[in-house]
Amino acid sequence: MAELDQRERRIAKLDKLRAAGVDPYPPRSSCTHTTAHALAAFEALGEGEKLHSRVAGRLVSMRVMGKSTFAHIADGSGRIQILARQDVLGAEPYQAFKQLDVADFISVEGSMFRTHTGEVTVQVENYTLLSKALRPLPEKWHGLQDVELRYRQRYLDLLSNEEVRNVFITRTRIVSAIRRFLDARGFLEVETPILQPLYGGAAARPFTTHHNALDQTLYLRIADELYLKRLIIGGLDRVYEIGHNFRNEGISTRHNPEFTMTELYQAYADYNDIMRLVEELYAAVAQEVLGATHITYQGQDIDLTPPWRRITMRQAILDASGIDIATVSDYASLSAAVQAKGYSFGKLPNWGKLIEKLFDETVEPNLTQPTFITEYPIDISPLAKKKPGEPQLVERFEFFIANMECGNAFTELNDPLDQRERFAAAARDYTAGEEESHPMDEDFITALEHGMPPTGGLGFGVDRMVMLFTDQTSIREVILFPQLRNKD
RNA sequence: GAGCCGUUAGCUCAGUUGGCAGAGCACCUGCCUUUUAAGCAGGGAGUCGUGGGUUCGAGUCCCACACGGCUCACCA
């Protein structure tokens, strides 16, 4: 019991260092190379040339062999071996070096050489403690495996699991590639409110909060849509936002309450233009980040090369279930047709919801290769423009890759009176108990009444795109700090 | 919200039919000047997720709860 644990031992060392006049957390550090640069510079040396370098990083391993000690230090660029020798450092500094702990940050300075086994190494001529660590690192061979600890202490996960680090580096590259793609096409990146007096643009339950000074209820946004369209009305013809949406709903391997969505709006475009943009964007990002337009997801080869398959929802459902939704154009007859085929989905609020359910059950599980599903029911699409000659359908598509719904787009509804009607219908659902329906947004209608050009709009989940590109099956593996329940 | 599975040392994991709580890494002591999962010798380390129960005796069986994972439900 009297035995000191590892943390207590390290605190005792800290006290000893301070007593000896050493600052264990000095305010500044300096180095001449990152570990990767030092290794590259050494390899580039000519015959007979020497390289003296100072590198800094976290001590990640130590092999003490009496009067000499090998160790590795790691920085963001990689790791490098260092060799401390008593005859080079002097007896006292060498003893002090051996008192360092794995996980401490140090900088070391010295000339570089190659060991007998061929590893490029810095001969430590002097060193400085940069930051003392009080806790040990996870197991050096297996890394941190406990999923809960990995999420709660992601820094340890990143430190000890290289694959995890690579997933998040790839995530950042994907987001950068999206930006580059859209910037190059003249889209303007904007920021719209996250705290909104009224939520909208999607069907989801919001998080509710309160502003004290205004004494007013505010909602965390569930979508960017209605603000971005205001910008289209304002004459910013191509806008996009990559931001967080917040939906107060269940958590699963595909849903985190806070997630990242790219939304974009392009004036004088329609949903056909947006389809071409989507397939080009995914292919371009894949090419840039992964170096190919083919990806492997959970062992399946997926070809993102444009053009992608396009099929109407009517045809897709007909192929999968034998039901032609065009011939059963009201809820009762569709419901009868669905039951006749042996499905039972329970009572749904309207014709469109039933179609959506039928689609989810019969078509979606088979959408492995990238597919655009087009022409959605109007009653589940309150912000999309009607399809000419098809009063029950709108110009909308969703796209699916690896059986995942990856994004949603439409020719935007710019008829303010029609929009008011759609909101009113949704508001009736809302009072009828559909919590996730749109509330009436008078301020947005007013904006539309000032005139919005024909516009195509798109939203796609960045997290799901990252899952696809990094071959991950859980959204928590692509979000640095996924939402977890409090431990106590 | 439901079902199934998991929770043992700082980390990775064993733990038999209910019978003294184990290993590797990490840590500590000693030896060791080219190691790299360094090596050799010795040592310390546990609220077995939490709380009840059954039992002479519970890491192990039963109940409840907590947290996590997966599946489902939910989910534009």
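Just so we're on the same page: letters track the sequence lines, and every chain starts at 1.
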Q.
Among A:R135, A:M62, A:R10, exactly one meets side-chain contact (heavy atoms from CB on, under 4.5 Å) together with A:D101. Which residue is that?
A. A:R10
Q. Rounding to the closest angstrom, what is the interatomic distance between B:G59 and B:G18 at atom P?
A. 13 Å
Q) What integer distance in Å separates A:Y151:OH from B:C67:C1'? A) 14 Å
(Q) Taking ring-ring contact (aromatic ring centres under 6.0 Å, His included) as the definition, give me every residue that meets it alongside A:Y219, ordered by chain and number, with sequence neighbours left out. (A) A:Y199
Q. What string of B, S and - do you get for nucleotides 4-9 of chain B, 5' to 3', when a contact is any protein heavy atom under 4.0 Å?
A. ------
Q.
Checking contacts here: which listed nucleotide (B:A76, B:U35, B:C70) is nearest the side-chain heavy atoms of A:S474?
A. B:C70
Q) Between B:A26, B:C11, B:G69, which one does the side chain of A:K140 approach most closely? A) B:A26
Q) Is A:R154 close enough and on-axis enough to A:F481, meaning under 6.0 Å and within 45°, for cation-pi? A) no
Q: Looking only at side-chain atoms of A:K13, point me to the closest of B:U33, B:C74, B:C28.
A: B:C28
Q. Can A:H116 be said to stack with the base of B:U34, given centres closer than 5.5 angstrom and planes under 30 degrees apart?
A. yes
**Q.** Cation-aromatic face contact A:R230/A:Y227, 6.0 Å, 45 degrees
**A.** yes
Q. Any N or O donor-acceptor pair linking the side chain of A:E139 to the base of B:A26 at under 3.5 Å?
A. no
Q) Are A:F469 and A:Y297 close enough that their ring centers fall under 6.0 Å? A) no
(Q) With the threshold set at under 4.0 Å for non-hydrogen atoms, list the residues of residues 55-72 of chain A touching RNA chain B in residue-number order. (A) A:R63, A:V64, A:M65, A:G66, A:K67, A:S68, A:F70, A:H72
Q: Please state whether the base of B:U35 and the side chain of A:Q81 form at least one donor-acceptor pair under 3.5 Å?
A: yes
(Q) Taking the ring of A:F397 and the ring of A:F372, is the distance between their centroids below 6.0 Å? (A) yes
Q) When we call it a touch if two heavy atoms are under 4.0 Å apart, what does A:P382 touch: a base, just sugar-phosphate, or nothing? A) base
Q: Please check the phosphate of B:A66 (OP1 and OP2 only) for any side-chain N or O of A:R485 closer than 4.0 Å.
A: no
